[in-house]
Protein chains: 2
Amino acid sequence: MRVLIVEDDQFHASYLQDALAEALPEVTEIFHATDGVAGEEEARKDEIEAIIMDLQMDRRNGIEAARAIWARRPQSRILFWSNYADEAYLRGIAQIVPEDSAYGYILKTASRERLKLALRAVLVEGQIMVDREIHRLQKRSASPRNRLDDSEFAVLLDLALGLQDKLIAERRGMSLRTVQNRLLSLYEKLGVLSDLDAELTLNKRVRALNRALVTRMINTETLEAAQRDLETWLAGRG
Amino acid sequence: MRVLIVEDDQFHASYLQDALAEALPEVTEIFHATDGVAGEEEARKDEIEAIIMDLQMDRRNGIEAARAIWARRPQSRILFWSNYADEAYLRGIAQIVPEDSAYGYILKTASRERLKLALRAVLVEGQIMVDREIHRLQKRSASPRNRLDDSEFAVLLDLALGLQDKLIAERRGMSLRTVQNRLLSLYEKLGVLSDLDAELTLNKRVRALNRALVTRMINTETLEAAQRDLETWLAGRG
DNA sequence: AGACATGATGCGGGTTCCCGCAACGACTTT
DNA sequence: AAAGTCGTTGCGGGAACCCGCATCATGTCT
């Protein structure tokens with residue numbers, strides 16, 4: 001069995017390599033890439049089917065690399081391994097995972113035992129496995145109906161890019177007023193109105209972006225990715 | 001010589017410990033804290049004067065911890081050690097470093113040799129040492145007069161919190177129009193108008209925050225810290 | 001079928017924001 | 001001293017934004 005590690009931090013990479021050798025004796029070869037682009041190439045070149053993927057990397061992040069890899073070989077098994085339980089990543093992964101391929105998500109703070117378990121479950125057994133900590137996050141944000149639905153999230157991204165209502169409406173195929181309603185529910189769910197002194201009025205749009213950031217609903221990488229999406233959409237619009 | 005390591009990632013901490021033992025034979029004792037609060041206590045309790053400080057930590061980030069430590073013992077020698085060459089951190093450090101105390105800033109991607117050099121230079125010799133990569137960043141952002149002055153940066157933070165012009169004016173002691181002028185130059189320096197299709201008009205405020213984030217001028221921690229500042233200011237205002 | 005909830009859309013008005021124009025003071029240059 | 005530069009402030013208008021109110025379509029419950 002051949003495994004690819006995509007991880008730009010050398011310490012973490014070698015720790016992984018260790019744990020991997022220890023947990024999976026069936027591993028015959030370990031490849032290593034230090035960013036998303038190199039990881040993609042490596043995965044393609046050597047037809048690797050088991051991958052451990054860091055999420056935060058410079059040149060191309062793990063989610064984009066995974067999308068490319070899965071587009072090519074949907075049966076690839078990918079274990080994501082990240083520093084943070086960050087909702088933006090979760091949502092990103094949920095959107096790109098193919099119908100019945102194996103994947104997992106585990107935190108770097110997990111114990112070695114749990115990591116080894118995840119390695120075996122996902123890469124060998126082809127199961128789906130999500131770290132308990134992350135599940136907890138999902139629950140938390142799901143319970144007080146703070147959870148955004150997909151169209152709200154889309155509008156949030158557009159807002160975060162600085163688009164105006166009219167352009168969002170055009171891009172998402174909604175009427176102007178509908179976009180504003182989405183914004184309204186965003187303000188509600190993000191707690192734009194409730195936090196700080198209730199007295200002082202804020203710039204709602206900026207505050208929404210602020211809240212989305214500090215609650216880890218989106219992050220800087222999300223913004224960069226969204227910007228790229230926007231640019232391709234703009235290009236295909238005339 | 002007694003050294004304190006403040007670092008929440010266990011791999012990095014043990015790597016540091018290794019390098020430290022190797023580079024500085026004069027070290028007699030190594031303490032370890034895994035977040036800013038614990039680091040502060042440790043530093044106070046044991047009157048430690050040489051510290052290696054990670055910047056990104058959960059409970060309290062390295063800059064705040066360093067400020068508290070320096071407030072107590074300005075002669076403390078602190079080597080910051082971080083993943084990113086992030087302008088927000090640079091600015092934060094520049095603002096809190098006491099008159100003539102030794103400090104350094106080195107990236108986690110630096111070679112072991114360079115790390116050892118920095119350890120010796122800062123912690124033993126009491127020099128000031130900044131990683132070449134970081135210096136490059138400073139230059140880059142300084143040259144095309146994109147660099148923000150302090151008052152512009154203050155307005156940027158207020159904007160990022162979602163404050164309205166009037167409130168910013170009150171908080172910073174400027175007139176409304178002056179605030180707007182600051183915003184204007186912010187938009188200029190952040191490239192709010194120039195990027196993307198020049199045709200499509202954007203929400204400038206949101207776009208400014210977006211640009212500030214993707215250029216690493218500010219980050220989520222900055223926002224959280226700024227929010228705390230704002231709250232204390234609000235409390236003392238009536 | 002009828003009552004009801006939910007979401008999309010239009011209209012109108014009040015507020016905030018962006019910014020051109022102009023005046024003023026402090027400081028520098030010639 | 002005269003001229004020029006730079007930052008601050010006021011005024012005013014047009015654009016964008018927020019949102020209450022009303023309407024209409026769709027789907028659900030009784």
Side-chain angles (χ1 to χ4, degrees), chain A residues 144-212 230, chain B residues 144-212 230:
Chain A
R145 67 179 43 116
N146 285 346
R147 180 140 199 87
L148 306 189
D149 63 39
D150 289 340
S151 85
E152 283 166 341
F153 193 74
V155 170
L156 172 60
L157 288 183
D158 287 349
L159 177 149
L161 290 173
L163 301 190
Q164 307 191 152
D165 296 3
K166 214 170 81 180
L167 199 54
I168 301 178
E170 179 189 342
R171 185 177 182 198
R172 303 298 176 185
M174 312 185 224
S175 90
L176 195 70
R177 196 60 183 83
T178 301
V179 170
Q180 293 176 337
N181 280 337
R182 288 285 146 73
L183 289 172
L184 221 52
S185 64
L186 273 178
Y187 299 154
E188 182 67 31
K189 291 183 179 175
L190 290 170
V192 166
L193 314 128
S194 53
D195 63 352
L196 279 178
D197 263 347
E199 310 189 11
L200 90 182
T201 58
L202 301 162
N203 181 308
K204 303 231 165 77
R205 298 194 148 225
V206 172
R207 190 67 190 170
L209 177 49
N210 182 312
R211 297 289 306 157
L230 172 63
Chain B
R145 69 177 45 111
N146 285 346
R147 180 138 198 89
L148 306 188
D149 63 39
D150 288 340
S151 85
E152 282 166 341
F153 193 75
V155 171
L156 172 59
L157 288 183
D158 287 348
L159 177 149
L161 290 173
L163 302 190
Q164 306 191 151
D165 296 3
K166 215 171 79 181
L167 197 54
I168 301 178
E170 180 188 342
R171 184 176 184 199
R172 304 296 176 188
M174 313 186 223
S175 87
L176 195 68
R177 196 63 183 81
T178 301
V179 171
Q180 294 175 337
N181 282 336
R182 290 284 146 75
L183 288 173
L184 222 52
S185 65
L186 272 179
Y187 300 153
E188 183 68 30
K189 291 183 179 175
L190 291 169
V192 166
L193 315 127
S194 54
D195 63 353
L196 280 179
D197 263 347
E199 308 188 13
L200 90 182
T201 57
L202 301 161
N203 181 309
K204 303 231 165 76
R205 296 191 150 229
V206 173
R207 191 66 190 170
L209 177 50
N210 182 312
R211 296 289 306 156
L230 172 63

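Convention: sequence-line order gives letters A, B, ...; per-chain numbering from 1. Small disclaimer: the values here were computed from a predicted structure and weren't measured.
Among residues two or more places apart in sequence or in another chain, the side chain to side chain contact (heavy atoms under 4.5 Å, CB included) test is passed with A/Ser175 by A/Arg177, A/Thr178. Residues meeting the side-chain hydrogen bond (donor to acceptor under 3.5 Å, both in side chains) test with B/Glu152, sequence neighbours left out: B/Ser185, B/Lys189. Take B/Asn203 and apply the side-chain hydrogen bond (donor to acceptor under 3.5 Å, both in side chains) test, not counting sequence neighbours, and it matches no residue. With sequence neighbours left out, the side chain to side chain contact (heavy atoms under 4.5 Å, CB included) criterion links B/Ser151 to B/Asp149, B/Arg182. Here A/Ala160 pairs with A/Leu209, A/Ile218, A/Leu223 under the side chain to side chain contact (heavy atoms under 4.5 Å, CB included) rule; sequence neighbours left out.
Taking the side chain as every heavy atom from C-beta outward, B/Leu163 and B/Leu230 approach each other to under 4.5 Å. With a 4.5 Å cut-off on side-chain heavy atoms, B/Gln164 and A/Thr201 count as touching. Between A/Asp158 and A/Val179, every side-chain heavy-atom pair lies at or beyond the 4.5 Å cut-off.
Side-chain nitrogen and oxygen atoms of B/Arg182 include at least one within less than 4.0 Å of the OP1 or OP2 phosphate oxygen of D/dT8.
You can see that DNA chain C meets the heavy atoms of chain B within a 4.0 Å-exclusive cut from C/dT16 to C/dC21, reading 5' to 3'.
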Contact letters for nucleotides 13-24 of chain D, in which S counts primed atoms plus P, OP1 and OP2 and B counts the base, heavy atoms under 4.0 Å
---SSBBBB---

